[in-house]
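Just so it is clear: chains get the letters A, B, ... in the order the sequence lines come, proteins before strands, and each one is counted from 1.
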Amino acid sequence: MSTTALTGAPLLAVRDLSVAFDRGRRRVLHQVSFDIAPGQRLGLIGESGSGKSLTALAVMGLLPDSAEVTGSVRWRGAELLGQGERALARLRGSELAMIFQEPMTALDPTMKVGRQVAEVRRLHRSAEPGRVRPLVLAMLSSVGLPDPVRIADSFPHQLSGGQRQRVVTAMALVNSPDLLICDEPTTALDVTVQARVLALIDQALTREQAACLFISHDLAVVAQVCSNVLVMLDGRVVDGGPVDRLFRAPEHPYTAGLVATARLDLVEPGSRLPVIGDFYASGAAGPQ
Amino acid sequence: MRRVTLLAGVALVSVVVLLALVSFVWTPYDPVRVDPSARLLGPSAAHWLGTDGFGIDIASRIMVAAQTCLLVGVIAVGIAALVGVPIGIGSGLLGGWFSEVVMRVTDVLYAFPALLLAILLAAAFGASTWTAMIAIGIATIPAFARVARAGTVQVMASDYVLAARSCGTGRAAIAGRHILPNVAPVVGVQASVAFGIAILAEAALSYLGLATPPPTPTWGRMLRDAQTYLFTEPSLALWPGLAIAVAVLGFNLLGDGLRDLLDPKLREQAR
Amino acid sequence: MTSIPSDRAEPGVYEVRDVTRIFGHGDRRVEGVAGVSLTVHSGERYGVVGESGSGKSTLIRMLAALDRPSSGRIEFQGRSIGELPDARLGFLRSAVQLVFQDPRSSLNPRMKVADIVTEPLRSRLLRGRTDVPTDRSRRLAEVLDAVGLPASAARRYPHEFSGGQRQRIAIARALAPNPQVLIADEPVSALDVSVRAQVLNLLNDLVRDAQLTLIFVSHDLTVVRHICDTVAVMQAGRIVESGPTAQVYARPQADYTRRLLASIPTLPS
């Protein structure tokens, strides 16, 4: 990527990242490389099984022990691969934060959400007696939750899906991370709620001047948040570039296929929709 | 890691089963013959684990007692599963007030002390292996009913049951085709765990004299006999205690291992 | 595209009049569906648009007689179905089939594809009906072919297939008893955008070739615009707007419809 040259040292530098399971027999990620500069927003698009989520988990050091990870993941120049759990845990939730697809599983059902947000803050900051609660309430209201006091004193199951995703977003942002990784953060939400959560993530990133790695199968969603995009296919990065160029004039046939299938609005109603196969014949051609 | 749990469970359970099987055809000594000349001997080449206060070979007694332990487990768990699973599936399938009544009744049964039930049965019919097995079995019914009901409710809420209903599939076919195969794994896990609990309960009842009467060897009774010599010959209590621990731990590990193996969520991640 | 019958006197396949479905009672009383009326004509492609909690799923469950209205009347081909006992619903069960949102939960993971697809043919209510195919293995081969799956798929389990292929299996099951009406509940929203086009093309072709009546439920107005000729927009249990899809899409009247349209993420153009 050319972004490094423009903005100086990258925040995150991933080089030749490969992941294999079953003692190297099943390779799921092949030499993925990219940089994220401070404040940059990089989208990662591809179909399910293309390796998007694996890439995020590998960066966070959250892959199961059975995974063989090779290559290099550098955070501000320091290698993360091979780091102990304790060192990684210090980074996660403070400098590096993540928002998952299903907000219900990311929250502890037995704990009030206000306390859960506060825990994340306390975990990474020295004691701030009496200052955490106001900060949590401010955080909850900044992610667009009305009546933050009531929300803070609610359990996860008492909230709607959109409210839970906002709480998770607040948790991710409470320590002002430098990089926010979003893995399909709005896929489980209704469209009107999705629109609001996307706008919210966009505002929060601008306010915190944080960088972002945004994962989605939906090009239109990625385009709302990101300036640059990588396209993944079968565990490899096959294309990449600025959003505008990639979507207006895709060069790689697979990208062209992805763009075409996403443009439902351009097709005459009732006529045949373009499919990926019209543009790109994969190794395993046939109905998906 | 999951494999380790399962394999450890299988290994420990195999030890108990093997002891029981071998004891049908061979034991070092007669496990009920009293020999006053050989009381309280320490371990030796002749008596591997020594002899007890009656002069009975401890190794032989432990081996034969494994039979009782497995019999109690099989029958008690069998009673509980055969009664509890249909109750649970039926209540989950039919729903409504029927389901509520059935589950409240099992709740009451859950709260009823199993020990009291065992005492009542022993008082009415005389303490035997059978009264113990039936008492343990009845006390375990609610656990199976709950597990089966929870599984049934989950399956009933799935879209494939909705699809089956939408094309006119009857309740019996839904139960046989969709519910039973999906509930069977959790019932299997429950059975393994319940087996361990049954063994522990039988040992406790034997110890209290509320189960198998002498001379049939049981680990619980061996503990009771060992109590007399607890301060002079503590090793007498060690062997039956160890046997109970091995059997209970084995079935619990087996249950945990099966749970991990069958949990579709965990399996999905591994794929 | 099928033209919308303009003669409103002609009875529809479905006539829904003032249907309300209430859940719970007292303080917890919730109107899942509140006074909905609609008519679906034969051969029509009827879209129902709404978000979670709009009552769209409750509505189609009542159309499929998997749930009963608290009040109001639902007629299928001129016969009221709201109060019929299950045993007398054979005519509906063979004529109306469902496709669900998430093929991971709509296919029993412990059954082979052959058993899943032929399940409707083995059902007590459908066996022996003249409109239902009797030769199961032949019908299995036919519908697998119709949805573009190889015959060898029959011997495999759902988890061996991708999301899009699983949805094809679910569609094959729905086609098996030769239905007249297909009700699809968010059939593409659990799928990747890139797979969505394939499944929509398939549904389009199948509905046209078999002259099915389609009731298509979605939260995505762009998808409904592509598939349906008529649309009803639901919010909080009520229909807030309905009419020809092109018209609702181009000139939405209700505030909620406008908001829904504005929320759909689009690519820069």
Within the 4.5 Å heavy-atom criterion, are [X] and [Y] side-chain neighbours or not?
X        : Y        : value
C:Glu119 : B:Thr169 : yes
B:Cys167 : C:Leu126 : yes
B:His178 : C:Met111 : yes

Got more than 12 heavy atoms from elsewhere within 6.0 Å of [atom1], [X]?
X        : atom1 : answer
B:Arg177 : CZ    : yes
B:Gln154 : CD    : no
B:Arg104 : CZ    : yes
C:Arg68  : CZ    : yes
C:Glu83  : CD    : yes

Distance, nearest 0.5 Å, that separates [atom1] of [X] from [atom2] of [Y]:
X        : Y        : atom1 : atom2 : result
C:Asp185 : B:Leu162 : CG    : CG    : 9.0 Å
C:Asn108 : B:Asp159 : CG    : CG    : 12.0 Å
B:Ser166 : C:Leu125 : OG    : CG    : 11.0 Å
C:Arg110 : B:Asn182 : CZ    : CG    : 5.0 Å
B:Arg171 : C:Asp86  : CZ    : CG    : 7.5 Å

Which atoms of [X] are under 4.5 Å from chain B, going by heavy atoms: the side chain, the backbone, both sets, or neither?
X        : result
C:Leu66  : both
C:Ser94  : neither
C:Val96  : backbone
C:Pro177 : neither

For side-chain contact (heavy atoms from CB on, under 4.5 Å), just list the numbers for C:Arg93 and B:Arg165, CA-CA rounded to whole Å, side-chain angles, deciding distance to a tenth of an Å, and then say yes or no.
-> CA-CA 9 Å; C:Arg93 298 276 182 246; B:Arg165 284 173 59 207; 5.8 Å; no
Check each atom of B:Ala163 against the heavy atoms of chain C and say whether the ones under 4.5 Å are side chain, backbone, both or neither.
->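 Both backbone and side chain of B:Ala163 come within 4.5 Å of chain C.
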Grab the two heavy atoms, one from B:Tyr160 and one from C:Pro109, that are nearest each other, plus how far apart they are.
->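 The pair with the smallest heavy-atom distance is CE2-CD, 3.8 Å.
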